[in-house]
Amino acid sequence: MAHDASHLPVQDPVALLRERFVAAIDAAFPTLRAEGVAIDPMIVASKQAELADYQSNAAMGLAKRVGKPPREVAGAILAKLQLDDVCEPVTAANIAGPGFVNVRLRKDAIANALMSMDAPSLGVALSGEPHTIVVDLMGVNLAKQMHVGHLRSPVIGDAIARLFERVGHKVIRQNHVGDWGLNIAMTTARVMRLASEGTLSIDRITLDDLDKAYAAAQAECQRDMAGLAAARQWHMGPKVIAELEAQVDGATNAFLEARKTLVALQAKEPATYAVWKKIYEVTMRTCIEVCQLLDVKVTDADSAGESSYADELAPMVDDLISRGIAVQDQGALIVRLDGSGLAIPTGEESIKEPCLIRKTDGGYLYATTDVCAVRRRVQKLHAHRGVYVIDARQNLHMRQVFLTSKLAGYATHPKTGKFAQLEHAAFGSVLGEDGRPFKTRSGDTVKLADLLRETFERARQAVQSKCDERNVTLSPQELEHTSRCVGIAALKYADLSTDKAKDYLFSFNRMLAFEGDTGPYLLYAVVRIKNIFRKAAETGVLAGEGSSWKQGPIGVNAPAEKTLALALLRYPGVLQSVGATLDLHRLCQYLFEVAGCFASFYDQCPVLNADDAAVRASRLRLCDLTRRVVEDGLGTLGITAPERM
RNA sequence: GUGCCCGUAGCUCAAUUGGAUAGAGCGCUGCCCUCCGAAGGCAGAGGUUGCAGGUUCGACUCCUGCCGGGCACGCCA
């Protein structure tokens with residue numbers, strides 16, 4: 001058995017080595033388990049290929065516990081290790097530095113691991129029960145054009161959603177549409193007024209019209225509200241405020257009209273509601289169009305607008321009051337999160353700033369809606385986990401909403417009785433190449449539609465000129481498809497390949513660059529592999545062999561083959577760890593590494609021109625597996641590779 | 001004032017969550033297409049990880065204090 005690796009159920013070498021090292025540590029230090037110490041062998045892929053394939057970092061941590069020098073501990077573990085069937089012989093020379101244990105896999109073990117990974121799942125398996133995960137990945141506002149500020153959330157959120165789906169969880173996407181409140185009422189009121197004046201046709205209204213109406217309505221009401229706000233800020237008392245309100249309402253009808261419209265909307269008064277509905281449809285149509293352009297999986301079915309919570313707010317607030325969760329403070333209704341009232345659950349951090357639930361005038365705030373959304377997502381949708389892919393500037397707000405929901409019991413999962421895991425996947429702002437907020441030359445905000453158009457146009461030119469260079473002719477349809485793939489890859493990879501918590505420097509030139517760590521580079525790696533198989537089919541190299549190469553053994557002999565193989569084997573582990581941390585840039589970095597390994601392999605190891613049929617078959621399998629891993633990983637990021645480019 | 005995020009090569013970013021000599025890409029200097037597409041590969045130069053302490057076998061990572069930048073802080077969303 002010791003030398004028969006062919007039947008080992010090896011998929012992930014890390015898992016196998018973990019088992020073997022746990023057994024060895026158990027045998028070397030039997031008292032540990034009795035003491036209830038969790039044994040973590042800390043197996044990790046080695047950073048330096050010249051030292052090892054994998055290493056265990058356990059000895060150093062164990063040293064203090066067992067009262068022996070780390071290298072001695074490593075020696076004791078090593079004495080009990082049984083790895084002959086999968087690793088090259090392990091001797092005292094494998095102990096390095098302070099007590100690292102280095103191991104090198106046998107080539108046949110690598111090959112076996114690769115072959116067991118060569119399945120539709122690519123070795124990715126769900127450990128434990130599938131969870132229901134709500135991903136809040138978009139929050140478009142009614143009657144407003146989408147702009148650069150709306151770019152990151154769907155790109156990052158969709159990737160996170162796809163990742164959870166890929167590892168086997170149930171994902172519910174939520175587009176938290178800003179479709180309710182006074183601002184919307186103001187716009188609705190203005191649109192109705194313009195329509196009755198005959199200067200606007202509601203049937204033919206565009207998002208551009210709405211965008212203008214929104215801004216104009218804001219301006220109409222703004223100066224009046226500014227006066228009110230000043231009066232309130234200086235604590236001039238309800239009497240003065242009331243007088244000002246009267247003055248203001250008399251001066252312009254806009255503010256009064258907006259409030260009346262809000263009441264009408266809340267009552268679903270037919271004429272008003274119909275206009276609102278039209279505004280909603282026009283906004284959402286372009287929103288969904290943008291999602292399709294970006295290849296972001298968000299549909300109308302994922303929309304859960306603020307309006308959908310409107311009727312639930314009053315009863316929820318009553319519930320909060322009756323149970324003493326919310327209390328009056330300076331005329332408003334708040335939930336204290338600093339521990340002065342309700343006790344903060346263990347493991348949660350208190351927050352000094354209270355959560356404002358209801359205004360002095362009785363109106364609700366966005367925190368009210370967001371708490372309500374937590375309640376629905378956990379209580380009705382049964383979310384075990386809620387991921388909010390929202391601008392980092394909302395961090396305090398999100399923490400307040402989460403803690404309020406927990407104090408209210410809304411975040412307690414109905415089945416498990418435990419808090420749902422609520423997390424703010426915060427991301428930074430989009431900056432221009434000058435390091436300042438991304439704007440047009442004239443200083444306006446960049447419309448998302450314009451940004452996408454320019455991306456695809458630049459991608460098309462890049463693809464076209466490359467094809468001219470190579471004497472490749474693409475049909476107009478294929479050019480169109482390839483350009484979209486390249487554009488999407490460039491845009492998304494640039495966004496996803498850095499730590500999302502940081503601000504993100506947007507640069508067309510960099511993301512669409514012909515060389516380097518970019519989306520197009522990864523697509524190119526995939527296309528090169530596809531070309532090999534196309535060429536094989538065209539030239540009949542595989543004629544007579546059929547698809548027999550798919551079953552043949554994989555040989556891992558050349559250095560480049562081994563490096564590539566070890567990289568491929570890390571894939572399931574990378575997906576798993578990224579699923580826990582939501583650090584998508586690690587998946588990007590991994591894919592870039594695999595693509596790099598493949599490029600070296602491609603350079604050094606002839607595939608179709610291999611010396612003999614067995615090597616050729618083996619390398620074809622390696623190519624195929626590489627292609628599937630990279631395409632699978634890119635797909636998880638929401639990126640699709642074309643056939644040719 | 002309080003809180004959150006950040007500070008790494010000239011530029012843009014990483015660093016397996018405390019592991020070995022801090023790595024990539026761009027740019028720069030050299031090589032490699034009679035051979036599966038060079039959007040590629042190989043090699044080189046480039047660093048006191050903002051500063052000062054501390055924790056330990058080991059710190060870019062954790063703790064404390066400064067310096068510098070961004071953001072947020074009850075009746076907008």
Side-chain angles (χ1 to χ4, degrees), chain A residues 42 44-48 51 55 57 60-61 63-64 69-71 96-100 102 139 141 178 180-183 225 229 232 306 329-334 351-361 363 365-367 369-370 391-397 399-400 426 428-429 431 433 462-463 466 469-470 472 486 494 497-499 501-503 505 507 509-510 513-518 520-521 523-525 527-529 531-536 539 541 570 573-574 577 581 583 585-586 588-590 592-593 596 599-610 619 623 644-645:
Chain A
M42 298 203 273
V44 69
S46 175
K47 246 186 287 191
Q48 289 136 292
L51 290 179
Q55 67 190 67
N57 299 337
M60 287 82 77
K64 204 181 308 167
R71 289 186 66 101
F100 302 110
N102 290 328
N141 295 309
W180 208 241
L182 189 57
N183 287 342
M225 303 207 299
R232 290 193 178 110
E306 291 172 347
D329 189 81
Q330 296 170 34
L333 194 66
I334 64 166
I351 302 169
K352 197 174 62 183
E353 295 86 348
C355 186
L356 206 51
I357 287 297
R358 194 177 63 193
K359 299 191 283 182
T360 303
D361 68 3
L365 296 110
Y366 75 144
T369 309
D370 281 340
D391 190 339
R393 286 174 299 189
Q394 306 278 341
N395 183 261
L396 174 60
H397 167 69
R399 281 163 48 222
Q400 289 175 313
S429 308
L431 306 179
E433 292 183 77
V463 171
K466 258 317 171 200
E469 219 173 273
R470 288 286 147 60
V472 174
V486 169
S497 60
T498 68
D499 184 355
K502 298 185 182 177
D503 287 347
L505 257 78
S507 163
N509 289 331
R510 224 189 342 262
F514 282 16
E515 53 277 314
D517 186 5
T518 65
Y521 170 85
L523 300 190
Y524 181 62
V527 166
R528 282 170 124 182
I529 301 177
N531 282 339
I532 292 174
F533 284 90
R534 186 181 307 110
K535 177 119 184 179
T539 60
V541 168
R570 282 163 45 206
V574 168
S577 114
T581 62
D583 284 339
H585 66 281
R586 294 198 174 202
C588 291
Q589 195 176 13
Y590 167 78
F592 179 66
E593 268 178 61
S600 299
F601 162 82
Y602 183 84
D603 203 57
Q604 292 161 30
C605 303
V607 179
L608 297 178
N609 303 331
R619 288 181 178 168
C623 286
R644 297 194 295 167
M645 62 189 283

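What you see below is based on every heavy atom in this structure, not just the backbone, and it leaves out hydrogens, waters and symmetry mates. Proteins come first, then strands; the chains are lettered A, B, ... in the order of their sequence lines, and each starts at number 1.
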| note | Under the rule of Watson-Crick or G-U wobble with both distances under 3.5 Å, where | means paired to another strand and [ ] a crossing pair, RNA chain B maps to (((((.(..((((.....[...)))).(((((.......))))).....(((((..]....)))))).)))))....
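Across all their heavy atoms, A/D503 and A/G428 have their closest contact at OD1-CA, 3.4 Å.
Backbone-only contact: A/F592 has heavy atoms under 4.0 Å from sugar-phosphate atoms and none from a base. Residue A/Y524 is classed as a base contact, given a heavy-atom separation below 4.0 Å to a base. When heavy atoms are screened at a 4.0 angstrom cut-off, A/I334 is found touching base atoms of the nucleic acid. Counting non-hydrogen atoms under 4.0 angstrom, A/T360 reaches a base of the nucleic acid. When heavy atoms are screened at a 4.0 angstrom cut-off, A/C605 is found touching base atoms of the nucleic acid.
The distance between atom OH of A/Y366 and atom P of B/A77, rounded to the nearest whole Å, is 8 Å. Whole-Å rounding puts the A/L396 CG to B/A72 P distance at 11 Å. Taking atom CD1 on A/I357 and atom P on B/A77, their separation rounds to 12 Å, with Å as the unit. For the pair A/R399 CZ and B/C4 P, the computed distance is 7 Å after rounding to whole Å. Here B/C33 presents its C1' atom at 12 Å from CZ of A/R528, a figure rounded to the nearest Å. The distance from atom CZ of A/R358 to atom C1' of B/G74 is 14 Å, rounded to the nearest whole Å.
Both the sub-6.0 Å distance and the 45° axial angle are not jointly satisfied by A/R570 relative to the ring of A/Y590.
Comparing the P positions of B/G53 and B/A72 gives a spacing of 35 Å, expressed to the nearest Å. Across B/G54 and B/U17, the matching P atoms stand 27 Å from one another, rounded to whole Å. Comparing B/G68 with B/G47, their P atoms are spaced 26 Å from each other, to the whole Å. Annotation: B/A38 and B/A9 have their P atoms spaced 34 Å apart (nearest Å). Between B/U55 and B/C13, the distance separating the two C1' atoms is 30 Å to the nearest Å.
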| query | Could you walk me through whether A/E353 and A/Q400 pass the side-chain contact (heavy atoms from CB on, under 4.5 Å) check? | reply | CA-CA 8 Å; A/E353 295 86 348; A/Q400 289 175 313; 3.5 Å; yes
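Nearest-nucleotide mapping onto RNA chain B: of A/P354 and A/Q604, the residue sitting toward the 5' end is A/Q604. Nearest-nucleotide mapping onto RNA chain B: of A/S429 and A/A332, the residue sitting toward the 5' end is A/S429.
Its glycosidic angle being more than 90° from 0, B/C57 falls on the anti side. With its glycosidic angle more than 90° from 0, B/U55 is assigned anti.
One cannot find a donor-acceptor pair under 3.5 Å joining the base of B/G70 and the side-chain atoms of A/D503.
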| remark: Under a 4.0 Å heavy-atom criterion, the protein footprint on nucleotides 15-23 of chain B, written with B, S and -, is SBB-BB---
